[in-house]
Amino acid sequence: MKKSGDYSFFENVYDVVRQIPKGRVTSYGAVAKYLGSGKSARMVGWAMNAAHGQIPPVPAQRVVNSKGVLSGKNHFASPTFMQELLEAEGVSVKDDTVVNFEKKFWNPAVEL
DNA sequence: GCATTGACGAAGG
DNA sequence: CCCTTCGCCAATG
């Protein structure tokens, strides 16, 4: 039996990612740190892997690694889909890396 | 139950 | 900047 508010780590990750403002990005580690897991950035990535088909949809394209690289683009429907989604939101991507990453960076621990 | 993998990150060379 | 090593933890074989 599942109680209301019984959020798993995965769902908690989805909740944070869904709150990323349009045109901004964050990193797996930042989300992990906000959730208190700190070094479990891999789990955030794993959560994204299971994020497909989630309702409401999880904007996984706004989550990149600490360098601003679209490390997970290969997991989207198409390797170019992630970049296209970001550029459609006003985030420029060059060589699989977010341009002006530090300016686009959205830190949940600070902004949330 | 152990070994390997991974959409990561930090530190060291 | 590039590469290697280590830590972290769930999923998978």
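The basis for the numbers below is simple: all heavy atoms, side chains too, and nothing from hydrogens, waters or symmetry mates. Order of the sequence lines sets the chain letters (A, B, ...), proteins ahead of strands, with each chain counted from 1.
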Quick one: does [X]'s side chain have a donor or acceptor within less than 3.5 Å of a partner on [Y]'s backbone?
| X | Y | value |
| --- | --- | --- |
| A/T26 | A/W106 | yes |
| A/S8 | A/E11 | no |
| A/Y14 | A/A47 | yes |
| A/D95 | A/T97 | no |
| A/T80 | A/S78 | no |

Query raised in the report: Can a salt bridge be assigned to the pair A/R24 and A/E89 using a cut-off of 4.0 Å between side-chain N and carboxylate O?
Result: no
Could you state the [atom1]-[atom2] distance from [X] to [N], rounded to the nearest angstrom?
| X | N | atom1 | atom2 | answer |
| --- | --- | --- | --- | --- |
| A/L85 | B/dA7 | CG | P | 19 Å |
| A/H52 | C/dA11 | NE2 | C1' | 16 Å |
| A/F9 | C/dA11 | CZ | P | 11 Å |
| A/Y28 | B/dA10 | OH | C1' | 17 Å |
| A/M43 | C/dG7 | CE | P | 16 Å |
| A/F105 | B/dG9 | CZ | C1' | 12 Å |
| A/K67 | B/dA10 | NZ | C1' | 10 Å |

Query raised in the report: Reckon A/S40 has a side-chain N or O less than 4.0 Å from the OP1 or OP2 of C/dC8?
Result: no
Report task. Indicate, with a heavy-atom threshold strictly under 4.0 Å, whether A/N65 touches base, sugar-phosphate, or nothing. Result -> sugar-phosphate
Requested in this report: Map A/W46 and A/A41 onto DNA chain C by nearest heavy atom, then report which one ends up closer to the 5' terminus.
Outcome: A/A41
Requested in this report: Would you kindly compare A/F10 and A/K39 by the position of their nearest DNA chain C nucleotide and give the one closer to the 5′ end?
Outcome: A/K39
Quick test: give all pairs of protein nitrogen or oxygen and nucleotides 2-4 of chain B nitrogen or oxygen below 3.5 Å, distance rounded to 0.1 Å.
none

